[in-house]
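Notes for the one structure printed next.
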Amino acid sequence: MKKFICITIISFLLLNKTSFSQTIDLSIDSIATLLCKNWEVDYAMMGNMKIGRIPGATEINYQFNKDKTFLMTSNEPKNKITGTWVYDTKKKIIKLTIKGKSNTSIISLKERELIIFADTKEATPDDPMEIKLVYKVKTK
């Protein structure tokens, strides 16, 4: 009986891969409606460690537009970078591209929260750590 229960649980987990992966399964119109706002960083996840906002640290914020562009700003007024976003229907993520490079993607999008995955393989090939940045809608 225990063997049957274990096999059932393992089968369920393998067949239901979306329960563990984060994907965006929305219509294009819904994505634009949810995404096109001003977003501020809430916290970061590095591996399994949650890192809260540190007072005085540089914050990267986003303003997404319906024309599929975005403005990335920080608390340094000079630092303004523009880019584009596109929804990848196969991978069900939103790819962010700056100057022809796309090493960040939005992997989760909800009404008041989005999660950006930063691919650090190029920056730190010897120690690629998974970094997820959790954003909330900017209220100010």
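The shown structure was predicted, so the numbers you read here are calculated from the model rather than taken from an experiment. Along the sequence shown, residues carry numbers from 1. Computation of the quantities below employed the complete heavy-atom set of this structure, encompassing side-chain atoms and omitting hydrogens, waters and symmetry-equivalent molecules.
Note: Leu35 CG to Ile24 CD1 = 8.0 Å, rounded to the nearest 0.5 Å. Atom OG1 of Thr82 sits about 11.5 Å away from atom CD of Gln63, to the nearest 0.5 Å. The distance from atom OG of Ser102 to atom CG of Asp88, rounded to the nearest 0.5 Å, is 9.5 Å. Expressed to the nearest 0.5 Å, how far CD1 of Ile106 lies from NZ of Lys92 amounts to 16.0 Å. Rounding to the nearest 0.5 Å places NZ of Lys136 at 4.5 Å from CG of Asp42. Atom CD1 of residue Ile60 and atom CG of residue Leu133 lie 7.5 Å apart, to the nearest 0.5 angstrom.
Linking Ile, Leu, Val, Met, Phe, Trp and Tyr whenever their side-chain heavy atoms come within less than 4.5 Å leaves Phe117 and Ile131 in two separate clusters. Tracing side-chain contacts under 4.5 Å through hydrophobic residues (I, L, V, M, F, W, Y), one never reaches Ile94 starting from Ile107; they form parts of separate clusters. Met72 and Val134 end up in different hydrophobic clusters when Ile, Leu, Val, Met, Phe, Trp and Tyr side chains are linked at under 4.5 Å. Under a hydrophobic-cluster definition in which Ile, Leu, Val, Met, Phe, Trp and Tyr are linked whenever side-chain heavy atoms come within less than 4.5 Å, directly or via other members, Ile93 and Trp39 are assigned to different clusters.
The number of heavy atoms from other shown groups lying within 6.0 Å of CD1 (Ile54) does not exceed 12.
Taking the side chain as every heavy atom from C-beta outward, Trp85 and Ile31 approach each other to under 4.5 Å. Between Thr89 and Tyr87 there is a side-chain heavy-atom pair separated by less than 4.5 Å.
The main-chain N or O of Val137 is never found under 3.5 Å from a side-chain atom of Arg112 such that the two would form a donor-acceptor pair. Judged by distance alone, the side chain of Thr84 and the main-chain N or O of Thr69 form no donor-acceptor pair under 3.5 Å. Between the side chain of Tyr135 and the backbone N or O of Tyr62 there is no donor-acceptor pair closer than 3.5 Å. Lys37 places a side-chain N or O within donor-acceptor distance of the main-chain N or O of Glu111, the cut-off being under 3.5 Å.
Using cut-offs of 30° and 60° for the angle between ring planes, the Phe70 and Phe64 rings count as tilted.
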Review point. Should Thr73 and Leu71 be marked as a side-chain contact (heavy atoms from CB on, under 4.5 Å) after you check the CA-CA gap, both sets of side-chain angles, and the distance that decides it?
Key: CA-CA 6 Å; Thr73 61; Leu71 179 64; 3.8 Å; yes
Exercise for review: Give the intermediate values and the outcome of side-chain contact (heavy atoms from CB on, under 4.5 Å) for residues Ile51 and Met46.
Suggested key: CA-CA 7 Å; Ile51 301 170; Met46 296 180 78; 3.2 Å; yes
**Study point:** Residues Val86, Thr97; criterion side-chain contact (heavy atoms from CB on, under 4.5 Å); working and verdict
**Key:** CA-CA 8 Å; Val86 64; Thr97 303; 5.6 Å; no
Point to revise | Verdict with supporting geometry, Met45 and Lys50, side-chain contact (heavy atoms from CB on, under 4.5 Å) | key: CA-CA 5 Å; Met45 293 294 297; Lys50 181 178 178 178; 3.6 Å; yes
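In terms of heavy atoms, Gly83 sits closest to Ile98 at CA-CG1, 4.4 Å.
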